[in-house]
Trainee: 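I'd like to ask you about the structure that follows.
Both counts, for ligands and for their atoms, begin at 1 and track the order of listing. Both backbone and side-chain heavy atoms feed into the values below; hydrogens, waters and symmetry mates do not. Treat the numbers as computed from the prediction; the structure is a model and nothing was measured. For this chain, numbers begin at 1 and follow the sequence in order.
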Amino acid sequence: MGEPLRLRPRLEPPLASLLDAGPFLHSLVDALGSPLNVLLPERAAENARRFHAVYRDHHLAGRVYFAHKANQSGSLVRRLAAEDPAAVGVDVASLGELRHALGSGFTPGRIMATGPKDPEFLWLAARVGATVNLDSRRELDQLAELVRKYALPRVDVLLRLSGFESAGGPAEPGVRLLSRRSRFGSPVGEVGELLSAVERHRDAVELTGTAYHLDTTGVAEKVRALERCVMVMDECRARGLAPRVVDIGGGFGAGYVADAAEWDRYTTALTEAVLGTRPALTWRGHGYGLRNEGGTVRGNAALYPAYRPVAGPGYLAELLSLPGPRLGRPAAGLLLEHMYDLCAEPGRALVDQCGLSLARVLDVRRTGEGAGEYLVRLGMNAGDVSLEEHGVLVDPVLLPRTGAGAESGAGPVGVYLVGNLCLEADLITRRMVFLPRLPHPGDLLAFANTAGYAMDFHAHHAQRQPVARTVAVVDEDGSWRWCLDEDYWPIPHSGGAFA
Ligand SMILES: *Cc1c(COP(=O)(O)O)cnc(C)c1O
């Protein structure tokens, strides 16, 4: 089985101390079943403040909009609604998310509607006065038509742009496209026509800014896009429009693995395993996108960079300090000189360290093949903790049922984690996971830091297995208080909870 290749999770307060509360977490699963999601709404508020502190460092005004799609929970959105209205907003990408944000206490001026929108979504956004981040020229026409037809108030709109290229003008043959193609947003090369349309629709919409969202970790691509947005804003002002915000989208990322050396060791070993120079580390030799072609590793590892020295607010600080490629001025300086506000839409980064997913160990056995491999069957399936879906590799934390410490027994053991579906492919992760000892039925495995996209994005009702319930927990003077996610409000209970 080789040496234990661990990928221990990055744990900060209060998530770290929650994981120390084994008996509390066991009692929650006893009462509410497995799987179970546990959220820490206070940490989401803390994360928003950390983002905003970066704004302040650069003397920038504007809101941090939580990208709701990262998590469906009510407690996170309600807790964020209780933050400073001038500092924290919410980015909604569906009619359901918009209704949820309104019902959670976000006033429309703090709500940004993004993504492609159906007419009902557009109507409600316009009706209440949310900002519409326009995805396309067609959406602009549709919105203007709705506003006129139903006598709605004039709508604040941002133009989401995409297809940023190195030359700054329309892509010519030979111009290297430096930004990945996106099926969202309007091509920046066609911005002239788009602005003409905005002018024609002036009675229905007011252009308040430009936007982009690039699904990449590449900071150079982002500073290029930011600079281009500022240049488009200049063009707007030359036309007599008065935009005032640049929305730089999300994608600030989160670090999942605590230790750089563990991450390096693991990714190196994965390459060696693909080449066959060491035993497989994964179920049936799965290569995470890598393959062996005649002794050479080919393909791209479809892995999230789980160890990240710079992520979240730190990544924003880096982006704001980088000079744009055309004007040569740091991004923050560009915004400040023009007196533009900054908007950001962090999803994953805003819910970093905000929760965990628990699963009960149901069965432990060895496969009949060869030397045999340990299979640990959990009361959860791959949809309930979809870290693997995003290529996020990180070890779960073993929470023993009995007083016996997690470290007791014969020492680290490699196991495969299989789910509760009658499906060969239902593995929680295709990676062999090293636990401090072989788990027993009744123990819990805790997957840390799952609030972003992992705990409910891919959950389903296949085989009528239960979908995880979600609870919110708050540390109250050193003891954990909990309630169902849907019952959470950011005010003290009569008994003093959630003070
Ligand atoms: C998904 C999304 C985000 C959030 O992205 P993260 O990578 O989670 O920060 C922000 N804005 C838009 C438009 C999105 O689609």
Side-chain angles (χ1 to χ4, degrees), residues 44 47-48 50-52 54 62-73 76-77 80 88-98 101 110-117 121 125 130-136 139 157-164 179-186 209-219 221-222 225-226 229 245-256 304-306 308 310-319 342-355 386-387 389-392 449-458:
N47 289 346
R50 290 186 192 186
F51 266 97
H52 220 262
V54 177
R63 284 196 189 93
V64 175
Y65 291 81
F66 167 47
H68 191 337
K69 79 167 187 274
N71 195 295
Q72 297 185 32
S73 124
L76 296 176
V77 175
L80 291 168
V88 181
V90 62
D91 154 6
V92 295
S94 71
L95 178 65
E97 287 183 1
L98 172 57
R110 301 168 70 189
I111 301 177
M112 175 87 75
T114 62
K117 300 161 205 76
F121 184 17
T131 299
V132 174
N133 196 321
L134 289 166
D135 196 57
S136 65
E139 198 172 274
V157 298
L158 268 58
L159 300 179
R160 176 165 171 188
L161 303 173
S162 61
F164 301 95
S179 156
R180 65 210 56 235
R181 292 179 190 283
S182 170
R183 58 191 183 83
F184 303 109
S186 307
T210 55
Y212 68 86
H213 168 69
L214 298 176
D215 189 15
T216 170
T217 56
V219 76
E221 262 179 65
K222 287 181 182 167
L226 196 161
C229 279
V245 305
V246 177
D247 176 351
I248 63 171
F252 303 94
Y256 289 90
Y304 189 86
R308 295 191 61 169
V310 179
Y315 183 99
L316 174 64
E318 185 184 338
L319 171 64
L342 177 70
C343 289
E345 301 163 353
R348 188 185 296 278
L350 207 85
V351 293
D352 180 34
Q353 298 287 316
C354 286
S386 51
L387 290 166
E389 184 89 17
H390 299 258
V392 175
N449 211 359
T450 53
Y453 302 103
M455 66 169 55
D456 59 27
F457 204 94
H458 297 278

Trainee: Can you tell me if Ala349 contacts ligand 1 (heavy atom of the residue under 4.0 Å from the ligand)?
Mentor: no
Trainee: Which option wins on minimum heavy-atom distance to atom 6 (P) of ligand 1: Gly312, Ala70, Gly251?
Mentor: Gly251
Trainee: In Å, rounded to the nearest 0.5 Å, how long is the span from CG of Asp352 to CZ of Phe252?
Mentor: 13.5 Å
Trainee: Below a 4.0 angstrom heavy-atom separation, can you tell me which part of Ala67, side chain or backbone, both or neither, approaches ligand 1?
Mentor: side chain
Trainee: Specify side chain, backbone, both or neither for His213, according to which of its non-hydrogen atoms lie closer than 4.0 Å to ligand 1.
Mentor: side chain
Trainee: Please list, in number order, the atoms of ligand 1 under 4.0 Å from a heavy atom of Arg160.
Mentor: 13 (C)
Trainee: Relative to ligand 1, is Asp91 under 4.0 angstrom through side chain, backbone, both or neither, heavy atoms considered?
Mentor: side chain
Trainee: To the nearest 0.5 Å, how far apart are OG1 in Thr114 and CG in Asp247?
Mentor: 8.5 Å
Trainee: List the closest protein heavy-atom neighbour of atom 2 (C) of ligand 1: residue, atom name, distance to the nearest 0.1 Å.
Mentor: Lys69 NZ, 2.3 Å
Trainee: Show which atoms of ligand 1 fall inside a sub-4.0 Å distance from at least one heavy-atom site of Gly347.
Mentor: 4 (C), 6 (P), 8 (O), 9 (O)
Trainee: Within the side chain of Tyr304, is there an N or O that forms a donor-acceptor pair under 3.5 Å with the backbone of Gly253?
Mentor: no
Trainee: Hey, do the aromatic rings of His213 and Phe184 have their centres closer than 6.0 Å?
Mentor: no
Trainee: I would like to know whether Lys117 and Glu139 meet salt bridge (Lys or Arg N to Asp or Glu O under 4.0 Å); could you show each step before the answer?
Mentor: CA-CA 7 Å; Lys117 300 161 205 76; Glu139 198 172 274; 2.5 Å; yes
Trainee: Return yes or no for this condition: an N or O of Asp215 is under 3.5 Å from an N or O of ligand 1.
Mentor: no
Trainee: Could you tell me whether ligand 1 has any atom less than 4.0 Å away from a heavy atom of Tyr453?
Mentor: yes
Trainee: Got an N/O contact under 3.5 Å between Glu345 and ligand 1?
Mentor: yes
Trainee: Anything under 30° is parallel, anything over 60° is perpendicular, the rest tilted; go ahead and classify Tyr453 against His390.
Mentor: tilted
Trainee: Would you say the side chain of Leu316 lies within less than 4.5 Å of the side chain of Ile248, judging by non-hydrogen atoms?
Mentor: yes
Trainee: Please list, in number order, the atoms of ligand 1 under 4.0 Å from a heavy atom of Arg348.
Mentor: 6 (P), 8 (O), 9 (O)
Trainee: For Leu80 and Leu350, run side-chain contact (heavy atoms from CB on, under 4.5 Å): C-alpha distance rounded to whole Å, both residues' side-chain angles, the deciding distance at 0.1 Å, then the answer.
Mentor: CA-CA 10 Å; Leu80 291 168; Leu350 207 85; 3.6 Å; yes
